[in-house]
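What follows is one structure encoded as structure tokens, with my remarks underneath.
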2 protein chains.
Amino acid sequence: MSLTLADAIERYILAQLDAAGEIALQRVELARQYGCAPSQINYVLATRFTPERGFLTESRRGGGGYIRVRRAAQPELGRIVAVLRSSPDGIAQAPAHALIARCREAGLLSAREAFMLQALTRREAIGLPLPLRDMVRARCLGAALLALSDER
Amino acid sequence: MSLTLADAIERYILAQLDAAGEIALQRVELARQYGCAPSQINYVLATRFTPERGFLTESRRGGGGYIRVRRAAQPELGRIVAVLRSSPDGIAQAPAHALIARCREAGLLSAREAFMLQALTRREAIGLPLPLRDMVRARCLGAALLALSDER
DNA sequence: TATAATAAGGTCAGGGAAAGTCAGAAAGCC
DNA sequence: GGCTTTCTGACTTTCCCTGACCTTATTATA
């Protein structure tokens, strides 16, 4: 049993998501509802509503601030991003281009998108010495794919 | 969700722009309409209708004063790539995103492509210290746009 | 024709309202 | 007892909005 606060908040958000497809929540308000610190909401989002689990979050601070949560249009991309992020040495050019090609074939990328990504992940485009270059390639490619998992 | 005053005014101006192509508004009058301080109008213009986002504003004080807002002229790929290549310090994030936004406006990039490029030219995506970061951003962005101008 | 009054818009510091971050405490789980 | 997960509080950053004061242009007046 042992339902933690985090679990409860997760369920609440999931229920809202299923009901509405996309939700905008107020951090303080939700925290007040559950009688916890506002940062607890961040914890739940950071551990459960990650890109690799197929979720996207965006937020705005200041007056009228909010946190928006929704399901990624292409959750597969989120998992690819997770792999890219978890490899500590980055990714070399050949495997990166292969990855892009596979995404293209799977219909996750358009021809133009794939073409652009391959161009900008070339050695000469990045133009850095080697330990660094592969790291930057991985980070940039990850950021790009993550953005696309949203489909706009 | 949770429309702020600034958001509402932004929408109003955008609607006027779409209807008329170019508009001349009266600061006090608009402020009165929304029941806010006149300087709020400046805030909206300064944060949302910037050259970065492809807008131009000009104004005149004194009797018969006004604020005119219009969309900036459209850029062209070849020239942009040339500029990117020739700038020795690279390009910072804000102007890069402005550039991308304007390419989008001009129909040179799809919404997805623009979104992707903005994501991967963000500071955190590149993740390098500063002299280097701007250089890498310029090279990658240049390579991506060049690829597009070649493709057809 | 100077000068004063009036009618605009511009600037900036600062307060308040959110959300983000992160180290470390507390609680569970082998 | 060690390891992982949960949770909090203090501090930071970002965004919105206003009010007081400044600059510029036009119009009325001496």
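Sequence lines set the chain letters: A, B, ... in the order given, protein chains first and strands last, and positions in each chain run from 1.
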Under 3.5 Å, which donor-acceptor pairs do the side chains of residues 92-107 of chain B form with other protein atoms, sequence neighbours left out?
| unit_1 | atom_1 | unit_2 | atom_2 | d |
| --- | --- | --- | --- | --- |
| B/Q93 | OE1 | B/R123 | N | 2.8 |
| B/H97 | NE2 | B/Q118 | O | 3.0 |
| B/H97 | NE2 | B/T121 | OG1 | 3.2 |
| B/R102 | NH2 | B/A73 | O | 2.4 |
| B/R104 | NH1 | B/L109 | O | 3.3 |

### Summary
Nucleotide by nucleotide, nucleotides 1-9 of chain C touches protein heavy atoms under 4.0 Å in the pattern (B base, S sugar-phosphate only, - none) ------BBB
### Query
Atom CG of A/L45 and atom P of D/dC7: how far apart are they, to the nearest Å?
14 Å
### Query
Can you tell me how far CD1 of A/I41 sits from OG of A/S59, rounded to the nearest 0.5 angstrom?
13.0 Å
### Task
Starting from C1' on D/dC17, measure out to CD1 on B/I9 and report it in whole angstrom.
10 Å
### Query
Taking DNA chain D as the partner, which of residues 32-40 of chain A come within under 4.0 angstrom of it by heavy atom?
A/C36, A/A37, A/S39, A/Q40
### Task
Have a look at A/L5 and say if it touches a base, only the backbone sugar-phosphate, or nothing, with a 4.0 Å heavy-atom cut-off.
sugar-phosphate
### Query
Counting any heavy atom closer than 4.0 Å, what does A/R48 reach on the DNA or RNA strands: base, sugar-phosphate only, or nothing?
sugar-phosphate
### Message
Without decimals, in angstroms, what is the distance between A/L30 CG and D/dT8 P?
### Response
12 Å
#### Entry: Partner of A/E29 by side-chain hydrogen bond (donor to acceptor under 3.5 Å, both in side chains), out of A/R27, A/R32, A/Q26
A/R32
### Query
Partners of B/F55 by ring pair (Phe, Tyr, Trp, His ring centres under 6.0 Å), sequence neighbours excluded?
B/F49
Distances for protein N/O vs nucleotides 27-30 of chain C N/O pairs under 3.5 angstrom?
none

### Basic-acidic side-chain contact under 4.0 Å: B/E124, B/R122
yes
### Query
Can you find a side-chain donor-acceptor pair between A/D7 and A/T4 that sits under 3.5 Å?
yes
### Task
Decide yes or no for A/L117 and B/L120: does some side-chain heavy atom of the first lie under 4.5 Å from some side-chain heavy atom of the second?
yes
### Message
Any carboxylate oxygen within less than 4.0 angstrom of a Lys/Arg side-chain nitrogen, looking at B/R71 and B/D18?
### Response
yes
### Query
Does A/Y43 make a side-chain N or O approach to OP1 or OP2 of D/dC7 shorter than 4.0 Å?
no
### Task
State whether the side chain of A/R70 and the backbone N or O of A/L56 hold a donor-acceptor pair below 3.5 Å, judged by distance alone.
no
### Integer-rounded Å distance: D/dC17 C1' and B/D7 CG
13 Å
### Message
Any heavy-atom pair between the side chains of B/I13 and B/L45 that's under 4.5 Å?
### Response
yes
### Task
List, by chain and number, the other hydrophobic cluster members for A/M135, where Ile, Leu, Val, Met, Phe, Trp and Tyr join if side-chain heavy atoms come within less than 4.5 Å, directly or indirectly.
none
